[in-house]
Protein chains: 2
Amino acid sequence: MSKSQLTLTPVETAACCSPLLREPLSTDQAERVAPLLKALADPVRLRLVSIVAASEGGEACVCDLNDAFDLSQPTISHHLKVLHDAGLLDRTKRGVWVYYAVRREVLADVAALIGGGV
Amino acid sequence: MSKSQLTLTPVETAACCSPLLREPLSTDQAERVAPLLKALADPVRLRLVSIVAASEGGEACVCDLNDAFDLSQPTISHHLKVLHDAGLLDRTKRGVWVYYAVRREVLADVAALIGGGV
DNA sequence: GATCAATATTGACAGATGTCGATGTCTGGT
DNA sequence: ACCAGACATCGACATCTGTCAATATTGATC
């Protein structure tokens with residue numbers, strides 16, 4: 001399953017304007033989208049995503065991420081887990097290191113839903 | 001101040017890709033964006049925004065919004081306050097009724113920052 | 001296989017968040 | 001003036017969240 005979890009219908013994705021602004025979201029839809037936004041809705045996690053995305057090869061290892069913050073290693077690990085569980089980051093283990101990469105399609109879907117083509 | 005609070009630089013807004021994915025967000029930027037996402041990151045508030053946006057004239061009065069949920073009136077009032085405080089909803093009092101309207105530019109800015117032109 | 005370095009997991013704790021019932025504050029009509 | 005209705009605020013509560021120190025796990029190396 002490499003596509004996003006938002007499961008927009010073709011009509012929704014093709015429409016000119018964001019679904020959010022065009023018609024009332026169903027309770028189900030809202031409950032599927034909210035966790036993604038919740039995962040993003042933290043300064044540390046926003047920076048994590050952006051640092052990972054801007055890294056060489058589109059991925060970054062945890063050791064580098066730890067150095068970018070004034071937070072404990074477990075805390076960074078926790079935030080990465082939240083982002084990964086939400087489906088926003090991919091996780092790859094290579095040797096002792098773990099690399100995270102941004103799932104851009106998911107982010108794009110969220111963006112499309114929020115502000116699509118306003 | 002009718003523009004969004006994200007205060008993207010011209011370079012950022014003009015770029016092809018979302019700032020979030022192009023370069024590491026500064027701590028300051030992250031702390032300005034996170035509250036907006038936080039305000040959106042709730043199923044009830046997502047539905048509130050979408051119901052308001054999809055309403056006649058782009059605005060809805062609280063009485064209608066109350067009816068759309070199985071929640072107490074104070075709870076809806078609370079969520080509307082969160083959205084309004086975040087700058088996502090405009091508030092207008094007409095007579096006894098209060099009308100909320102979506103600030104689409106703000107939503108568009110958030111969307112552009114998150115998934116811009118990916 | 002003992003050790004070390006990189007991540008993850010656990011447990012604990014303070015503070016934030018969603019919800020409600022009760023109450024307050026307007027505003028229009030009687 | 002009073003009342004009724006629309007909305008906001010307050011106080012309380014349970015739950016969730018971000019953070020850390022301590023500990024576990026995993027993989028490379030000697």
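Keep in mind that what you see is a predicted model, and the values were worked out from it rather than measured. Residue numbers start from 1 in every chain, and the chains themselves are labelled A, B, ... in the order their sequence lines are given, proteins ahead of strands.
Arg104(A) contributes a side-chain N or O that, together with a main-chain N or O of Ala53(A), makes up a donor-acceptor pair within less than 3.5 Å. Ser50(B) places a side-chain N or O within 3.5 Å of a backbone atom of Leu25(A) that can act as its donor or acceptor partner.
The shortest side-chain heavy-atom distance between Ile51(A) and Asp64(A) does not fall under the 4.5 Å cut-off. At least one side-chain heavy atom of Val49(A) sits under 4.5 Å from a side-chain heavy atom of Leu107(A). Using a 4.5 Å heavy-atom cutoff, the side chains of Leu40(A) and Leu46(A) are in contact. Counting heavy atoms from C-beta on, the side chains of Leu113(A) and Asp109(A) never come closer than 4.5 Å. Looking at Ile114(B) and Leu37(B), their side chains come closer than 4.5 Å, going by heavy atoms from C-beta outward. Using a 4.5 Å heavy-atom cutoff, the side chains of Arg47(B) and Phe69(B) are in contact.
Listed in residue order, the members of residues 67-78 of chain A having a heavy atom less than 4.0 Å from DNA chain C are Gln73(A), Pro74(A), Ser77(A).
When the C1' atom of dG18(D) is taken as reference, atom CG of Leu46(A) falls 15 Å away, rounded to whole Å. The NE2 atom of His84(B) sits 15 Å away from the P atom of dC7(D) (whole-angstrom rounding). Leu48(A) has its CG atom 14 Å from the C1' atom of dT7(C), to the nearest Å. Between the C1' atom of dA16(C) and the CG atom of Leu37(B) lies a distance of 17 Å, rounded to the nearest Å. For the pair Lys81(A) NZ and dT19(D) C1', the computed distance is 16 Å after rounding to whole Å. Nucleotide dT17(D) holds its P atom 15 Å from the CG atom of Leu40(A), rounded to whole Å. Note: CG (Leu80(A)) to C1' (dG18(D)) measures 14 Å, nearest angstrom. The nearest whole Å value for the distance from the CG atom in Leu89(A) to the C1' atom in dT7(C) is 15 Å.
In Asp70(A), the CG atom is not crowded: 12 or fewer heavy atoms of neighbouring residues, nucleotides or ligands sit closer than 6.0 Å.
Between Ala41(B) and Tyr100(A), the one whose closest nucleotide on DNA chain C sits nearer the 5' end is Tyr100(A).
Asp42(A) comes within 4.0 angstrom of the backbone, heavy atoms only, and of no base.
Remark: Arg91(B) is in phosphate contact with dA8(D), judged by side-chain N or O atoms under 4.0 Å from OP1 or OP2.
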Inset, instruction - List the protein contact pattern of nucleotides 25-30 of chain D with one symbol per nucleotide (5' to 3'): B for base contact, S for sugar-phosphate-only contact, - for none; contact means a heavy-atom distance under 4.0 Å. - result: -SSS--
